[in-house]
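Single-structure report; data block below.
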Amino acid sequence: MYIQDDGIRLNAKLDMPSNYRPGMKCPLVVVIHGFTGHIEEPHIIAVSKGINDVGFATLRADMYGHGHSDGEFRKHTLYKWLTNALTVIDYARGLDFVTDLYLCGHSQGGLLVMLAAAMKHDVVKGLIPLSPACMIPEIARSGELLGERFDPDHIPEVLHGWGDLELDGNYARVAQTIHVEEAIDRYTGPVLLIHGDADEAVPVEYGVRAAERYANGRLVLIPGDDHCYDRHLDRVVTEVQDWLRQF
Ligand code: FER
């Protein structure tokens with residue numbers, strides 16, 4: 001199905017709890033993928049399915065320029081993703097069976113849900129950033145994205161890196177304006193932050209620092225695991241399930 005966001009179609013999948021019966025009401029978790037990711041990645045599916053198995057619906061959505069949503073990859077920015085996320089959250093809140101709303105996101109999607117939770121702190125019951133890419137704003141300001149250096153005060157029209165990836169320079173201009181600490185301070189609800197301590201894409205220190213700054217944060221480190229949990233995905237799913245069971 002598609003969720004319309006001002007003319008941009010966002011590809012989304014709604015999955016009901018495994019024990020769902022018609023007429024039942026239940027909480028829902030919005031689940032967002034990372035940079036270059038999409039809603040059918042193994043770690044996104046596994047986490048979503050695990051959430052369904054403890055009685056929560058999930059709404060997975062491809063953000064602008066990713067998966068089967070509209071928009072060009074190279075033109076995506078965190079602002080476009082943020083307005084997408086606000087639209088998806090409002091869509092979820094409008095579903096008649098939904099009680100409480102939670103947000104979960106991986107990597108750039110983890111950063112995104114941290115920003116969205118700050119903006120919607122009055123309606124987001126809980127937040128689950130998975131290996132959140134909290135360093136993006138900071139490294140954009142210092143002039144390094146996609147593993148390549150650039151002049152942060154004279155951002156090129158196009159950023160190149162990581163093989164043949166290309167990003168509009170506006171990606172960096174947008175990222176430079178974002179202040180993660182302010183977003184963290186604006187969300188005081190419960191937070192479960194999970195990070196592999198051998199993450200090759202987002203240094204684990206960023207996850208540790210973010211979790212410690214949250215007023216109500218719980219940090220789970222996955223020993224020896226990488227950015228997409230290739231070694232201990234089951235452990236990640238179990239941690240998410242155990243945390244959600246308290247609600
Ligand atoms: C970068 C490092 C990490 C970057 C993006 C990411 C655009 C995001 C990673 C992810 O979401 O998995 O330099 O530049």
Side-chain angles (χ1 to χ4, degrees), residues 10 30-48 60-67 69 71-82 84-85 88 103-117 127-152 155-180 183 193-210 222 225-231 233 236:
L10 301 175
V30 168
V31 181
I32 309 289
H33 59 81
F35 181 85
T36 73
H38 56 82
I39 62 173
E40 307 294 353
E41 291 178 291
H43 56 289
I44 298 296
I45 292 176
V47 168
S48 175
R60 290 176 277 151
D62 283 331
M63 297 289 97
Y64 181 102
H66 286 66
S69 288
E72 274 179 67
F73 169 79
R74 57 173 279 168
K75 287 195 168 170
H76 90 279
T77 68
L78 277 162
Y79 286 171
K80 286 181 182 170
W81 274 33
L82 252 180
N84 292 163
V88 171
L103 303 180
C104 174
H106 175 251
S107 200
Q108 179 165 288
L111 169 62
L112 177 73
V113 294
M114 289 168 64
L115 301 173
L127 173 64
I128 310 173
L130 305 173
S131 312
C134 300
M135 76 300 174
I136 290 177
E138 198 177 302
I139 65 176
R141 286 190 282 274
S142 78
E144 194 215 292
L145 285 170
L146 305 173
E148 302 287 336
R149 304 243 12 122
F150 59 89
D151 178 350
I155 297 168
E157 294 290 315
V158 184
L159 303 163
H160 301 268
W162 287 351
D164 54 7
L165 271 194
E166 285 190 356
L167 265 183
D168 196 295
N170 286 337
Y171 175 96
R173 292 177 193 272
V174 164
Q176 284 182 341
T177 69
I178 291 169
H179 295 277
V180 180
L193 194 152
I194 302 181
H195 212 129
D197 75 3
D199 190 326
E200 71 294 359
V202 177
V204 67
E205 293 71 29
Y206 285 91
V208 173
R209 231 179 294 149
I222 310 290
D225 218 350
D226 58 20
H227 191 51
C228 295
Y229 319 113
D230 287 339
R231 299 187 189 89
L233 185 53
V236 174

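The shown structure was predicted, so the numbers you read here are calculated from the model rather than taken from an experiment. Whatever order the structure lists them in is the order used to number ligands and atoms, beginning at 1. Numbers here are sequence positions counted from 1.
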I'd like to check which ligand 1 atoms, numbered from 1 as shown, lie under 4.0 Å from a non-hydrogen atom of His227. 10 (C), 12 (O)
Under 3.5 Å between some N or O of ligand 1 and some N or O of Leu167? no
among protein heavy atoms, the one nearest atom 4 (C) of ligand 1 is Trp162 CH2, 3.7 Å
Closest protein heavy atom to atom 8 (C) of ligand 1, given as residue, atom name and distance to 0.1 Å: Phe35 CB, 3.6 Å
Indicate yes or no for a side-chain donor-acceptor contact from His106 to the backbone of His227 under 3.5 Å, with no hydrogens or angles considered. yes
Answer side chain, backbone, both or neither: which part of His106 comes under 4.0 Å from ligand 1, heavy atoms only. neither
Which residue supplies the protein heavy atom nearest to atom 10 (C) of ligand 1, what is that atom called, and how far is it? Ser107 OG, 2.6 Å
For the pair Arg149 (side chain) and Ser142 (backbone), establish whether a donor and an acceptor sit closer than 3.5 Å, ignoring hydrogens and angles. yes
Indicate, as side chain, backbone, both or neither, the part of Thr36 found under 4.0 angstrom from ligand 1 when only non-hydrogen atoms are considered. neither
Against heavy atoms of Met135, which atoms of ligand 1 measure under 4.0 Å? 2 (C), 3 (C)
Answer yes or no: is there a donor N or O on one side and an acceptor on the other, between the side chain of Arg74 and the main chain of Asp168, under 3.5 Å? no
Does CD belonging to Glu200 count more than 12 external heavy atoms closer than 6.0 Å? yes
Just jot down the ligand 1 atoms closer than 4.0 angstrom to any heavy atom of Gly34, in number order. 11 (O)
Hydrogens and angles aside, do His76 and Gln108 bring a side-chain donor and acceptor to less than 3.5 Å of each other? yes
List every atom of ligand 1 that sits less than 4.0 Å from any heavy atom of Ile139, numbering the atoms from 1 in the order shown and giving each element. 13 (O)
the protein heavy atom lying closest to atom 13 (O) of ligand 1 turns out to be Leu146 N, 2.9 Å
Should Tyr171 be counted as touching ligand 1, given the test is an N or O pair under 3.5 Å? no
Expected list for residues 31-38: side-chain donor-acceptor pairs under 3.5 angstrom, two or more places apart:
residue: His33; atom: ND1; partner: Gly37; partner atom: O; Å: 3.4
residue: His33; atom: NE2; partner: Met63; partner atom: N; Å: 2.9
residue: His38; atom: ND1; partner: Glu40; partner atom: N; Å: 3.1

Given 3.5 Å as the limit, does a donor-acceptor pair link the side chain of Gln176 with the main chain of Ala140, or not? yes
Please check if the side chain of Arg173 supplies one atom and the backbone of Ile155 the other of a donor-acceptor pair under 3.5 Å. yes
Enumerated ligand 1 atoms positioned under 4.0 Å from heavy atoms of Gln108: 10 (C), 11 (O)
Look at the side chain of Asp199 and the backbone N and O of Val204, then say whether any donor-acceptor pair between them is shorter than 3.5 Å. no
